[in-house]
Amino acid sequence: MPEGLIVKALSGYYYVQNSEGGQPVQCRGRGIFKNRGESPLVGDRVLFSETENGEGTVEEILPRFSELIRPQIANADLAVLVFSVVRPELNLLLLDKFLVHTEHARMNALLVFTKMDRIPDDEEGESIRRVVEDARALYSSIGYEVILTSAHEGEGMDKLRQALAGHINMLAGQSGVGKSSLVNALVPGLTLATNEISTKLGRGKHTTRHVELIPLAGGGYMADTPGFSQLDFAELGIDEIGSCFREFRERASTCKFRGCTHTHEPHCAVLQAKEQGEISESRYSHYVGFMTEWKETKRRY
Ligand code: GDP
Ligand code: ZN
């Protein structure tokens with residue numbers, strides 16, 4: 001039975017792309033999915049059968065390794081976290097917050113710093129370059145790939161294409177950082193839809209919109225909707241926040257206490273590493289801030 005990838009879902013149909021390319025096959029889901037409470041998602045790898053009229057049936061959903069709710073997508077494996085270096089300036093607090101959410105979703109993250117061409121050629125520009133270089137060094141040392149780009153001048157775009165190839169990619173980042181400009185440079189003609197959340201209606205009420213996977217020239221796909229628009233910690237356990245910091249996670253097994261919060265405990269491997277300068281002050285202080293925020297979130301809900 002052929003295997004394929006659901007690239008779009010609309011009005012009860014699933015559009016399944018097989019590995020040979022060509023147009024996706026329009027499929028219905030097997031009736032049994034409903035009975036089992038299963039629902040195929042965009043991003044699912046599936047087995048499908050073809051019917052005589054050129055349509056098909058999704059017969060089986062292959063195991064998922066990740067599943068996001070907003071946008072609803074399965075198996076997205078690379079979060080492309082977009083931050084501009086100026087207007088708005090790099091925001092490492094927000095960056096670490098995104099990283100907690102990508103780690104929690106079991107996605108790898110690629111850090112893309114944009115608008116490099118906008119750094120002025122003066123003293124202020126010098127200090128911006130230092131901030132960017134420090135951030136690049138810090139996050140590379142933790143194991144994240146960092147790419148410096150300019151969508152306007154083409155800097156870093158080949159590197160970015162290479163990093164995206166073969167993955168199911170999802171963009172994330174504040175508005176105005178240059179996500180649409182990147183996507184336009186990578187996939188001409190694609191416009192990014194925004195995954196709006198109605199704050200008036202409160203938590204859980206949001207416009208539902210079907211995400212679509214757009215094929216990239218170098219292989220792989222880009223989701224046409226940015227993700228992680230709602231970044232609170234309500235869905236995480238407090239002990240999970242620390243494990244979403246890669247350099248903490250590596251060390252936590254040598255903390256004296258299981259469930260160590262890395263804040264006040266004796267013989268804490270994370271605190272020791274911070275004191276020795278192996279864990280950065282900014283990452284650690286963001287961690288402490290997130291723990292506080294987590295407690296406040298829990299009080300509210
Ligand atoms: P989005 O809201 O994240 O999708 O951001 P946009 O792609 O709409 O970009 C926001 C603004 O930043 C626009 O005015 C873009 O022209 C500008 N911009 C985006 N990328 C670059 C870049 O590489 N260099 C410069 N100088 N401006 C950029
Ligand atoms: Zn500890």
Side-chain angles (χ1 to χ4, degrees), residues 71 79-91 94-95 98 110-122 124-125 128-129 132 146-161 169-197 214 222-229 231 237-276 278-279 283-288 290-291:
V80 182
L81 305 183
V82 183
F83 284 84
S84 54
V85 294
V86 281
R87 297 203 192 186
E89 61 189 25
L90 271 187
N91 179 341
L94 188 62
L95 174 48
F98 272 117
L110 169 69
L111 311 187
V112 178
F113 295 168
T114 60
K115 308 192 193 179
M116 288 298 290
D117 63 283
R118 268 196 100 166
I119 301 179
D121 276 325
D122 57 11
E124 191 203 344
I128 293 170
R129 277 180 206 284
V132 170
V146 183
I147 303 180
L148 311 183
T149 67
S150 160
H152 286 189
E153 294 188 349
E155 178 181 349
M157 297 308 284
D158 285 337
K159 255 193 191 163
L160 182 56
R161 279 189 195 93
N169 301 284
M170 191 181 67
L171 289 168
Q174 287 169 284
S175 89
V177 294
K179 296 183 296 300
S180 310
S181 306
L182 282 181
V183 157
N184 275 322
L186 294 168
V187 195
L190 171 64
T191 47
L192 268 191
T194 46
N195 190 30
E196 281 171 61
I197 292 178
I214 310 298
M222 174 67 78
D224 69 346
T225 308
F228 300 110
S229 46
L231 289 176
I238 192 145
D239 52 336
E240 286 179 309
I241 297 179
S243 66
C244 291
F245 282 72
R246 286 185 181 178
E247 71 276 45
F248 294 17
R249 185 165 71 213
E250 286 162 7
R251 291 171 168 95
S253 61
T254 48
C255 290
K256 183 171 179 195
F257 298 104
R258 290 190 85 211
C260 182
T261 66
H262 319 308
T263 49
H264 58 269
E265 295 87 344
H267 306 291
C268 166
V270 170
L271 283 170
Q272 276 164 15
K274 186 185 73 113
E275 262 130 51
Q276 284 157 14
E278 290 164 16
I279 282 178
R283 292 271 290 168
Y284 186 79
S285 72
H286 296 163
Y287 167 72
V288 172
F290 297 160
M291 298 289 273

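Numbering starts at 1 and runs along the sequence shown. For ligands, and for the atoms within them, numbers begin at 1 and follow the listed sequence.
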Any Lys/Arg nitrogen of R283 or E247 sitting under 4.0 Å from an Asp/Glu carboxylate oxygen of the other?
yes
Which bit of V177 is near ligand 1, meaning a heavy atom under 4.0 Å away: side chain, backbone, both or neither?
both
Distance under 4.0 Å to a non-hydrogen atom of [X]: what atoms of ligand 1 satisfy this?
X    : result
K179 : 1 (P), 3 (O), 4 (O), 5 (O), 7 (O)
G178 : 1 (P), 3 (O), 5 (O), 6 (P), 7 (O), 9 (O), 19 (C)
S175 : 2 (O)

So, for atom 13 (C) of ligand 1, does the protein have a heavy atom nearer than 4.0 Å?
no
Check the orientation of F290 and F245. Use parallel for under 30°, tilted for 30 to 60°, and perpendicular for over 60°.
tilted
Does any N or O atom in [X] lie less than 3.5 angstrom from one in ligand 1, N or O only?
X    : answer
D117 : yes
K115 : yes
G176 : yes

Q174 to ligand 1, any heavy atom closer than 4.0 Å
yes
Sub-4.0 Å heavy-atom contact, T114 with ligand 1
no
Given G173, A151, S180, which one has a non-hydrogen atom that is nearest to atom 23 (O) of ligand 1?
A151
Just the protein N/O/S atoms under 2.8 Å from the Zn ion (ligand 2), please, no waters.
C255 SG, C260 SG, H262 ND1, C268 SG
